[in-house]
Number of protein chains: 2
Amino acid sequence: MLNTRQLQILQLIIDDFINNGMPVGSRTISKNPTLAISSATIRNEMADLEELGYIYQPHTSAGRVPSDLGYRLYVDSLAADKLLDAEQRVLIRNLLLSGKIKAEEIVEKAAHLLAEMTGLAIVASYPGFKKRALSNLKLIKISDAKVLLILVSDNEVVKSITLSFSGTNQDILDLISNSLVRNLEGSTIEDIDIKKISRLKYDLKQYGNVIDYLVPILRDSLKNIEDNEFYIDGFENFLTVPEFSNSEKARKMYRLFERKEILNELFDDIQSEGIFIKIGDENKITELNECSVITTAYRYRSKDLGKIVVIGPKRMDYRGIISVVEYTRNTLSDIFSGIYL
Amino acid sequence: MLNTRQLQILQLIIDDFINNGMPVGSRTISKNPTLAISSATIRNEMADLEELGYIYQPHTSAGRVPSDLGYRLYVDSLAADKLLDAEQRVLIRNLLLSGKIKAEEIVEKAAHLLAEMTGLAIVASYPGFKKRALSNLKLIKISDAKVLLILVSDNEVVKSITLSFSGTNQDILDLISNSLVRNLEGSTIEDIDIKKISRLKYDLKQYGNVIDYLVPILRDSLKNIEDNEFYIDGFENFLTVPEFSNSEKARKMYRLFERKEILNELFDDIQSEGIFIKIGDENKITELNECSVITTAYRYRSKDLGKIVVIGPKRMDYRGIISVVEYTRNTLSDIFSGIYL
DNA sequence: GCTTGGCACTCGAACGAAGAGAGTGCTAAC
DNA sequence: GTTAGCACTCTCTTCGTTCGAGTGCCAAGC
């Protein structure tokens with residue numbers, strides 16, 4: 001559709017616009033030594049590119065700015081994915097590996113790292129829990145009145161819940177824990193039912209009264225488990241982006257991401273495998289029509305574990321950001337899949 | 001020092017300025033029915049108040065704005081602390097009590113709630129952990145290669161650490177956990193030493209090789225425990241404050257609170273008991289000279305557990321905010337002290 | 001002697017005109 | 001097909017003007 005020169009000019013315009021954020025004039029492009037054509041010729045080509053919808057003028061006497069279509073072509077032609085340089089790769093890996101911590105914390109760390117490295121806003125979903133199978137469980141005495149219930153899912157995510165429960169000791173709790181694991185292991189966490197819990201009574205007849213007291217507490221607690229759905233980081237980055245430095249706009253963006261239904265809509269739309277980019281109007285959520293949204297999923301072995309969404313202005317360093325996101329995603333997947341352990 | 005009328009005028013000026021954010025003119029004050037004096041008289045009084053340093057003019061033909069000294073007098077004369085209305089009290093308590101969760105999560109919830117209710121930025125420190133005594137401990141198998149170490153401190157704070165540790169089963173882990181608890185219970189967590197851990201060997205001779213493998217992992221993990229020091233929330237609120245809506249300023253504030261040494265300085269300065277307010281230049285940290293900082297500490301029984309800092313522009317609804325902060329602090333203390341459990 | 005109406009004065013905010021500058025489209029020549 | 005040249009357009013900045021809110025001070029009044 002576009003000839004080589006047109007494509008080259010379009011790329012130069014977009015590169016320049018990404019760097020400087022100001023409409024690009026024909027003279028700027030004509031200065032490029034690999035092109036060696038005059039500004040007048042560039043102007044003619046620009047008029048064509050505009051007619052084809054790849055660029056437009058904010059006003060009559062301004063330079064050109066890429067349209068969504070222009071960005072799309074630009075992004076699609078970034079086939080030669082820049083590999084992250086070794087230094088950055090080591091940095092990311094070391095930061096994510098430092099301190100062996102909980103799944104949630106690793107995701108948060110990765111999102112924070114991404115926010116810092118990309119200078120954009122990040123939303124990440126935590127590894128799922130409720131829909132997974134239970135793989136281990138433990139009751140731990142915290143104080144005279146409190147017991148901690150630890151649940152481990154088959155995707156190695158851990159949750160803890162504090163119960164109000166007194167008049168027991170750790171030895172009894174261990175017995176109860178063991179019995180519960182035997183009875184509940186393999187059940188989907190959100191579907192754990194009272195019947196299975198009640199089998200405790202038969203296992204541990206001698207502690208009947210303790211169990212009678214504990215069962216309803218356990219049931220209620222399990223019912224109230226919630227997936228901590230999203231972690232948000234780097235929204236303050238919107239404050240430095242000239243396109244959003246109008247604090248009204250920045251705040252609107254922030255408020256947008258406090259709305260769970262918006263996040264759900266955004267996350268439901270993410271396909272697995274690879275990295276996806278939605279530019280401007282390509283986003284279904286109209287509030288994001290001025291943004292580009294880059295999404296990917298991190299995995300546990302061969303299943304999706306959670307998703308990462310990068311949100312920024314359409315004017316962003318796609319090439320660099322894609323490579324950082326990709327490497328972080330892969331590292332995260334490796335960590336969760338146990339490659340590094 | 002000030003006569004009744006002067007004090008009244010000062011309060012009216014500050015009330016009006018807090019509400020409207022614009023310099024207050026003599027005519028505005030003279031309209032107040034309880035005063036019933038002309039604007040000319042107000043002007044004379046204002047000139048006196050300015051001479052005394054309680055108010056000042058941003059420029060010659062503008063109204064008056066409270067100085068730090070003026071705010072100080074205003075805040076100190078707010079003796080009749082407004083009690084929070086029952087509705088808000090119930091709201092705060094229910095929100096903080098809903099779902100019995102971990103200490104960290106309760107603090108985060110409280111900070112988030114405060115950010116929403118006050119419209120200001122909140123920094124909270126989590127309950128301390130490293131300097132506390134160990135009260136319970138448990139190893140839980142997560143997968144073939146991972147074991148979770150759960151630590152409970154005597155102030156009922158729970159931490160979990162993932163260890164890479166394979167070739168064992170939950171029964172052995174239970175035995176090891178029990179032995180560790182016996183040997184380490186009461187030790188200060190950051191001081192747990194290898195010697196005490198090594199006693200495992202004598203307790204559980206039959207698992208000698210497992211123990212030899214586990215001890216160094218445990219030691220390293222315990223060394224690397226870090227107190228998750230601070231939780232920050234509501235900084236986006238700075239975007240709505242006209243005084244900071246200049247996004248440069250808002251961003252500066254945000255960056256300020258990413259610096260741990262600043263937060264440490266801020267938190268070290270907090271006294272216990274009660275609610276403290278630093279206005280403008282009263283803050284040692286020069287970057288906060290345009291802000292007011294309200295601080296308080298939540299407690300576990302009769303000892304400080306963590307601190308809460310509210311940061312906003314000097315122009316804030318001190319009366320309302322103090323009462324919200326106070327009630328939240330008290331509720332938090334009650335929850336941690338087990339009053340509600 | 002405090003209070004008040006009146007008045008000249010001051011200063012910032014808003015508005016508009018003028019000028020500069022960047023960039024364009026078009027035309028005619030190469 | 002490319003390019004130099006030129007008229008044209010539109011934004012941005014600057015500068016002066018006006019408008020209005022608010023002041024300080026003075027002289028009269030209670």
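Just so it is clear: chains get the letters A, B, ... in the order the sequence lines come, proteins before strands, and each one is counted from 1.
With A/Leu52 as the partner, the side-chain contact (heavy atoms from CB on, under 4.5 Å) test is satisfied by one option alone out of A/Leu2, A/Leu10, A/Leu69, A/Leu73: A/Leu2.
Side-chain N/O atoms of B/Ser61 and base N/O atoms of C/dT10 include a donor-acceptor pair closer than 3.5 Å. At a cut-off of 3.5 angstrom, the base of C/dG6 holds at least one donor-acceptor pair with the side chain of B/Arg43.
Closest contact between the side chain of A/Gln57 and the listed nucleotides D/dT23, D/dC10, C/dG25 involves C/dG25. Comparing C/dG5, C/dT24, D/dT3 against the side chain of A/Ile37 picks out D/dT3 as the nearest. Of the candidate nucleotides C/dT3, D/dT11, C/dC11, D/dT11 has the atom lying nearest to any side-chain atom of A/His59. Among the nucleotides D/dT23, C/dG5, C/dT3, the one closest to the side chain of B/Met46 is D/dT23.
In this model, the phosphate group of C/dG23 is not approached by any side-chain N or O of A/Ser26 to a distance below 4.0 Å at OP1 or OP2. Here A/Thr60 does not reach the OP1 or OP2 of D/dC8: none of its side-chain N or O atoms lies under 4.0 Å away. Contact annotation: B/Arg27 does not reach the phosphate of C/dT4 (side-chain N/O to OP1 or OP2, under 4.0 Å). One finds a side-chain N or O of B/Arg64 lying less than 4.0 angstrom from the OP1 or OP2 phosphate oxygen of D/dG24.
For A/Lys284, the NZ atom sits in a loose shell: 12 or fewer heavy atoms of surrounding residues, nucleotides or ligands are nearer than 6.0 Å. No more than 12 heavy atoms of other residues, nucleotides or ligands lie within 6.0 Å of CD in A/Glu87, so this atom counts as exposed by the packing criterion.
Map A/Ala47 and B/Ser38 each onto its nearest nucleotide of DNA chain C; the residue landing nearer the 5' end is B/Ser38.
No engagement by A/Ser39 is indicated, since no non-hydrogen atom pair under 4.0 Å with the nucleic acid exists. Residue B/Ala62 is classed as a sugar-phosphate contact, given heavy-atom separations below 4.0 Å to backbone atoms only.
Less than 6.0 angstrom separates the ring centroid of A/Phe267 from the ring centroid of A/Phe230.
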